[in-house]
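Values below: every heavy atom of this structure, side chains too, minus hydrogens, waters and symmetry copies.
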Amino acid sequence: MEDAHQYQYKILAVDDDEFSLRLLEKFLAPAGYAVTKAHDGAEALDLLSQERFDLLITDISMPRMSGLRLLEEVEKRHGAIPTIVVTASEINSTTQRKSHSLGARSFMVKPLDRDELLDVVEQVLGKEKA
């Protein structure tokens, strides 16, 4: 088993809001995570075709391709990837169930709290790497 200090987890953060992306990077990079940013679902799919990520963090409401549609495409092309869904408002139970079936392991409401985000990321990655 790899030592956690030798392996840097790769996270793909997807959000159409630049401030949210910068905030995710600001919270996650100092904790040792390699963060790659995508501004929409199409950019995220392109990045996913080029490299493997340990975790996907995606906004649910984005123009051109919603986070839910992104998860559907990811599952079709790559299989489910552990995902944290981030939204500015509460997620309804139908969307939550659908997201969960497509790889979502947790849901968070903006504004994000750094400590809570780090706890959720560790929990999701711990489940996947255990």
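Between Leu45 and Val74 there is a side-chain heavy-atom pair separated by less than 4.5 Å. The closest side-chain heavy-atom distance from Tyr9 to Glu122 is not below 4.5 Å. Between Val85 and Leu68 the shortest side-chain heavy-atom distance does not fall below 4.5 Å. At least one side-chain heavy atom of Leu47 sits under 4.5 Å from a side-chain heavy atom of Leu12.
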Take Val120 and Met108 through the side chain to side chain contact (heavy atoms under 4.5 Å, CB included) test and state the conclusion after the steps. CA-CA 9 Å; Val120 170; Met108 299 186 74; 4.1 Å; yes
Check the pair Leu55, Ile84 against side chain to side chain contact (heavy atoms under 4.5 Å, CB included), reporting the backbone distance first and the verdict last. CA-CA 8 Å; Leu55 179 67; Ile84 298 170; 4.0 Å; yes
Starting from the C-alpha separation in whole Å, work towards a yes-or-no answer on side chain to side chain contact (heavy atoms under 4.5 Å, CB included) for Val14 and Ile57. CA-CA 6 Å; Val14 188; Ile57 299 176; over 6 Å; no
Side chain to side chain contact (heavy atoms under 4.5 Å, CB included) assessment of Val121 paired with Ile11: CA-CA 10 Å; Val121 167; Ile11 297 174; 4.1 Å; yes
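Not one N or O on the side chain of Glu25 forms a donor-acceptor pair closer than 3.5 Å with the backbone of Leu21. A donor-acceptor contact shorter than 3.5 Å links the side chain of Ser99 to the backbone of Thr95. Side-chain atoms of Thr87 come within 3.5 Å of backbone atoms of Ser89 as a donor-acceptor pair (strictly under, hydrogens ignored).
Each salt bridge (Lys or Arg N to Asp or Glu O under 4.0 Å) pair with one or both residues in residues 57-71, not counting sequence neighbours, appears once here: Asp40-Arg64, Asp59-Lys110, Arg69-Glu72, Arg69-Glu73.
Considering every non-hydrogen atom in both Leu48 and His78, the closest pair reads O-CE1, 3.5 Å. Considering every non-hydrogen atom in both Ser61 and Asp16, the closest pair reads O-OD1, 3.5 Å. The minimum heavy-atom distance linking Val124 with Ser106 is given by the pair CG2-CB, 4.2 Å. Closest approach of Ala80 to Gly103, counting heavy atoms only: CB-CA, 4.0 Å. Residues Ala88 and Val109 share a closest heavy-atom pair of O-CG1, 4.0 Å.
Remark: Asp17 CG to Arg22 CZ distance equals 8.5 Å, nearest 0.5 Å. Taking CG from Leu56 and CG from Leu71, the interatomic distance works out to 6.0 Å, rounded to the nearest 0.5 Å. With rounding to the nearest 0.5 angstrom, the CZ atom of Phe107 is 9.0 Å from the OG1 atom of Thr83. Summarising the geometry, atom NZ belonging to Lys37 is positioned 11.0 Å from atom CG belonging to Asp15; distances are rounded to the nearest 0.5 Å. In this structure, CG on Asp54 lies 7.5 Å from NZ on Lys10, to the nearest 0.5 angstrom. Taking CD1 from Ile81 and CZ from Arg52, the interatomic distance works out to 8.5 Å, rounded to the nearest 0.5 Å.
A donor-acceptor contact closer than 3.5 angstrom links the side chains of Asp46 and Gln50.
Residue-environment remark: NE2 (His100) stays at or below the threshold of 12 foreign heavy atoms within 6.0 Å.
Residue Phe27 is tested with Asp115, Leu117, Val35 for a side-chain contact (heavy atoms from CB on, under 4.5 Å); the sole match is Leu117.
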